[in-house]
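These notes concern the structure reproduced below.
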Amino acid sequence: MFVAGIDIGSTITKIVISNGTEILASMATPTSAEHRRLAFRVMDDALASCFLSYNEIEYIVATGYGRINVPFADQQVTEITCHMRGINFLFPNVRTIIDIGGQDSKGIKVKDGKQVDFIMNDKCAAGTGRFFEQIADVLGVKLEDIGEMSLRSKNPASISSLCTVFAEQEALLRLSEGASIEDILAGIHKANASRIHSMIGKLKIEQDVAITGGGAKNLGLVRALEQRIGFPLVVPPEPLITGALGAALIARETATKLTPQQLKEKKAKRRLEAVTFFDDPKRGSEIVL
Amino acid sequence: MSADNKKGLAKAQEIYNNRGKYARSLKEQGKKVFGYFCCYPPIELLTALDIIPVRILGDMDQPVTLADNYLPPVMCIFCRSAFDLGMKGKYDYFDGFVGAHACDGAERTSFIWTNYIKTPCNFHLDIPHTAHDAAVDFFREQLEYFQKELEKFAGRDITPDELRNATMAHNRQRALVREIYSLRKPDPPLISGTEMLTVLIATMGMSVHEGNLLLEEVIQEIKQRENVHEKKSRLMIWGSLIDNAAFTELIESSGLNIVIEDTAIGTRPFWHDIRDTENPLQGIAEHYLKEVLCPRTFRDSGKNYEHDSELRFGYLKDFAKHWKVNGVFANIIRNCDIHGYEVPVIKDYLNGLGIPVLVIEQDYSTASLESLRTRFQAFAETISS
Amino acid sequence: MGYTAGLDIGSAYSKAVVFEDGELVSYYVKPTSGNFSLAADLVLEEALQKVGLSLAKLRYIGACGLGVTFISETFNKITELSCHTRGVHYLMPSVRTVIEIGNQSARVMKTTPKGKVADSLVSDKCATGSGRIMQIISKVLRTDLEQFGKLSEKATKPAKFTTNCAVFLETEAISRVAEGTPREDIIAGLNQTLAGKIGSMVHRMRIEADCVMTGGVALNAGLVAMMEKEIGLKIQVPEQPMITGAIGAALITAEKAEN
Amino acid sequence: MEKDNSVKTMKSAKTLKTAREAGYFGKKMLTDAIKAQEEGHPIGWSMVSWWQGDFIAKAMGMHLVYPENYGAFCAAVRQAEPYLEIADSEGFPNNLCGYARNCLGFAKSLRDNNYVIPEGAPGGGLARPVLLLASGTACDARYKWFQSLGRYLNDVPVWNLEMPQSGVKEYYLKDNKEKNLRFVVKELRNFVSFMENLLKRKLDHDKLKVMLDQALKTLNIAWQVDLLRRAVPSPMVSQDFWSVMIPHFYLPDDPEAYSFYERVYAEVKERVDNGIGAIPNEKYRMMFSELPPWHSIGFFDELSKRYGIAMVMESWNYHAPTPMPEEELDGVTDPLEIIARLTYHKWMEHNEVAREFDTSPGFFNAAYLKWAKEYRADGFFAHPLMSCRPATYTLMHTRNSLEEKLKVPGVVVPGDIIDLRVFNADEGFSKVEAFVETMDHYRDLRKQAGMAW
Ligand SMILES: Nc1ncnc2c1ncn2[C@@H]1O[C@H](COP(=O)(O)OP(=O)(O)O)[C@@H](O)[C@H]1O
Ligand SMILES: Nc1ncnc2c1ncn2[C@@H]1O[C@H](COP(=O)(O)OP(=O)(O)O)[C@@H](O)[C@H]1O
Ligand code: SF4
Ligand code: SF4
Ligand code: SF4
């Protein structure tokens, strides 16, 4: 049985297609403005890569920031549940999950394969992937490199501002004062780790602790968090796709509970069309400023 | 007023949408209208004089502006919002104002309210923090003063029978509200949390008799319903009050059915009847101190933590059992101390019963509601698995 | 009295003014571009050159602005609150409330009839209510900041933003562009978001007319109009809203030295 | 963008000799507590209750420590942060009272260390109590906080002391005051029997009476010092008051406190008699409300130096009340009755002024209207706090009333008792610098209105 999980994140769209036991295809591609509307285009690519068509996929679960705008999905599940499922599948011993996404950061507590508590910040860019993107941008280094670079610092610069916008300027200032990029990056990572830690702290951190989401690809952040928390973190080999993997796992589980007839009905409802998630009345246009 | 030709839920919705207009129409009919804060002022006394009690609420849709000059931002924003509306003249139809020392916020706002918003009659009720016998006596004495002030305003005395009748009418209201609650026991419930909120807020702006008629209509209406609501996970709300349907709508569109709410616009004012005592004020005093279960009243067994928790939250266990609650949303309006201090304790207690708890500290603003959606959805997923 | 200069080395713009016997005779504004010390030198030089003066002619130099703390030269450093208040008072003596929105913060000051701060409020350490977001969005829209005011007035359906965070506002603006939302509507929406945020701050004080807005953001007429609606008062804007801090710095310095 | 995250504390140079000696009492409270614990005396954690519960508990051999005071202490020595973090991770909202969060964090660390005070706890820590003496007066934190401590101090009972907080108009309703007092006395009786039960010993009424007499004497002389402070120039400023208040506020029953105030009185009197001011060049007189930035009292020295500002009166809640009228205590011998009257008097004594000015509440508010005249105040310094709501609730209202009713303007400088970063001295200076002109302006207005100062 083929199933798929699609995670339309604020920044990166991730897809996992599975035959029920193993991953057949996975991909991660920027959630560009285009893809916000045309989620099926990404799906097309993923399907093509394993020579499958929509109809062959028994069940599709969408998750992430843009989950409500995947008209071909059979079910929507929040990224919190999906990340939990993904991590639980990969590391059954994990009790606490830290998810650093593009526009939010979250903490999730797991017990006996179920999530028991979670916490989330999406009000402020501090402590999210966006912060690091901005900083990499102003410092003119590649996002992929900032983690490693920060680890080479001997003398982390002090970055007092947690506002992304001001931290950028502060970083430039430190640069003009002669601090090295490594030191600035180390300072940035430290400040963010402490911010993330104080949020996750409310959950009573229990071992094992996993980190997932795009932030887990940043080794500098992982190390800085480990230092704050006091023990090593578990990092999945492909942290970006944990959410999509979780979605695929849920898809399989649901699909096995449904009759062929029900599955068929579901499939008939799938649509491949453009939608924008900002136009959704539930998302913002009602909001009075 | 178009509410006249509507019935039941539609009427409740109409009044909910136009509280001010409705109250003004009552005034045009020659009625007296009093505003009161929170669920502690015994509105039975107002009813006894045919005065219509209107519960003072805030407005999550409107940013607080004028109030910031008088109340500091560290104060609970519900209070600030209510006062803001007052300063903007939204409550200018009050003939009287009843303040109450419920929580600090309500107490100081009440005091400050009377400095800047004038009404022909006002009274501040000092409500003790414990339910000791001495406190009940004290509270009863305060009610005697309250009664005298009201009588002075109305130019006539309240006879014991009038007070008794008023109390009975309000007890009837309590029973009706509880009946609606019992119609939320089935799965799915016959009436949604959003509908319930509009009904309760509507009744909190009309005379008890009108309110009872409305409740009866609502009961009839929903009893005849078939499957208007979807089956979803069953949520109990505990904590600071919710007075805007946009909030409950957000929750209920996130995969949850609100089945019971232990809040100040929920079960708290309605759960127990006032006993008929020789001095009617005695029964009233006992009811408000002992049976309105809000964490502002200090209840402690003096023994140990487990015992105290049981004493303070034991009733939630019954709610959870009878309403088959899957999870609890602890709603904390930012800077609401009396609920804020309870958070870890109530989490302990409910988790101990195997009930998950979602705690959200919110800013009392519809503009920031949408960002809570993922949290409610994730919680729905948590408790349905 | 002779010549006095005032500097305001902001995080985005550096401003210099020159006074001769209490009269404003020259001013100059240029982007700070990251190097405070250099910007201070350049902008002062330019302002002096405009009236053919040399540094040596100056009797006093007063300075304010974020950059000043990072410059080792010993200017007479004055807090921005006092400078802006004083500067606005010089230009418009009937002022009672000053709303100053610069690149990094928003400030509201009540002034005494004599141009001193009677009360003040400074925005918290978040870029949401500051001019920085305007700059960011102008890049996104590839539109000059100068156009913002005019464009905003042309909006038919201001875009709604669902966030307050400057960073996420940028992201949302990018999506809107991609979706084909007209520039005007994006700018108007942004102005509205900002006006709401700053308005709620203003309301924390009992403000009085006349109300003046200064700082670079005051150049954005669309925002000013929305602020007027938000606070229910007419808002005046000096012809050169950016230089009020520098003016105040010059005046206060001269005054202190003379007394 | 701040260059430096560290906060400078500004220590004050007290102007009175006796004020410099007062530190002794703070230390004494802490060392006595530790001694009492070692000697096996029962320890109680107590809220400040304006003397309502203190004497009774002490007369029964209980030693009291004050977690509110401990919060201020931890903040002052910069060691509150770790406790605040613990409270945070326990799930307490981080906008609760800072003293409370400090204490909750400490209590958790105490429990986690098997109730042995953890090594390095600031000031030697607070010993494990047998009673939590809460108070319903002033703020909800004062009983909700102690109730929440149950999580960490499992078997320790909480007792909540009741004190009516009547409205001004209601206070004057016939017999209401008397009924309020009856209620308090009944509650105190309940408290006594609870204590007798808890400690398995009887209250020694005679001992209580002796303590109470002593306390009334101490409070009386503390009040007389306040009277002396009406002099122009001010002989004693807030910086001094905040140092000397500890003994009358926490230890009025201690004879040492009394003799200390005799010396304070003598020193202040001497200044008044010779026209000596506490600060050299007094130009402006200001009142301060309500809790000071403990870490930066030196800020006020700087205000004196720069602008000639004397802080002449401050912190309503810390002040000894005016002595009760004779008839109030006529024939009253029951010490519980006296206590009830004392505390109630403290809270309600300014109702007369409140009524006169048609304002409410009387507490935290009306006193400043009275003092403004008596102390010839030119300005009002409002210090809103992040972490103490009751001391902040009425500030704006008080500022408004002073300005409207007495033409005394106010300046608002936000700060905090726990979070040192909220207080920005530079911003404070620039506000006050400007405010000086405002005070000049209002002086003219008062003159035009024919007011006395
Ligand atoms: N190689 C990398 N190194 C560091 N950070 C990365 C890397 N790849 C992605 N990220 C970060 O991950 C974030 C996206 O994470 P993701 O979990 O996909 O978030 P979302 O689901 O919100 O799109 C980006 O903002 C980016 O900062
Ligand atoms: N012509 C303009 N139109 C609109 N906004 C402008 C214009 N020029 C500058 N700004 C805004 O003014 C801000 C800078 O204001 P300024 O008062 O100079 O701040 P600072 O003193 O912090 O440098 C910029 O961030 C920008 O948003
Ligand atoms: S502090 Fe900065 S990053 Fe955080 S919400 Fe404000 S603008 Fe965004
Ligand atoms: S929300 Fe909380 S603080 Fe506010 S009035 Fe209600 S109980 Fe009081
Ligand atoms: S809020 Fe203020 S009065 Fe209340 S306990 Fe805390 S410090 Fe004390």
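What you are looking at is a predicted structure, and each value in this text was computed from that prediction instead of being measured. Chain letters run A, B, ... following the sequence lines, proteins first and then strands; every chain starts at 1.
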Tell me whether the count of non-hydrogen atoms from other residues, nucleotides or ligands lying under 6.0 Å of NZ in D:Lys405 goes above 12. yes

I'd like to know if C:Asp119 pairs up with D:Arg399 as an ion pair, taking the criterion as any Lys NZ or Arg NE/NH1/NH2 lying under 4.0 Å from an Asp or Glu carboxylate oxygen. yes

Under a 4.0 Å N-O cut-off, is there an ion pair linking D:Glu437 with C:Arg86? no

Does atom CE of C:Met242 have more than 12 heavy-atom neighbours from other groups under 6.0 Å away? yes

With a 4.5 Å cut-off on side-chain heavy atoms, are D:Asn400 and C:Arg206 touching? yes

If you round to the nearest 0.5 Å, how far is CG of C:Leu81 from CZ of D:Phe429? 14.0 Å

C:Tyr90 atom OH: more than 12 heavy-atom contacts under 6.0 Å: yes

Tell me whether C:Lys30 at atom NZ has more than 12 heavy atoms from other residues, nucleotides or ligands lying less than 6.0 Å away. yes

With a 4.5 angstrom heavy-atom cut-off, is it the side chain or the backbone of C:Ser120 that approaches chain D, or both, or neither? both

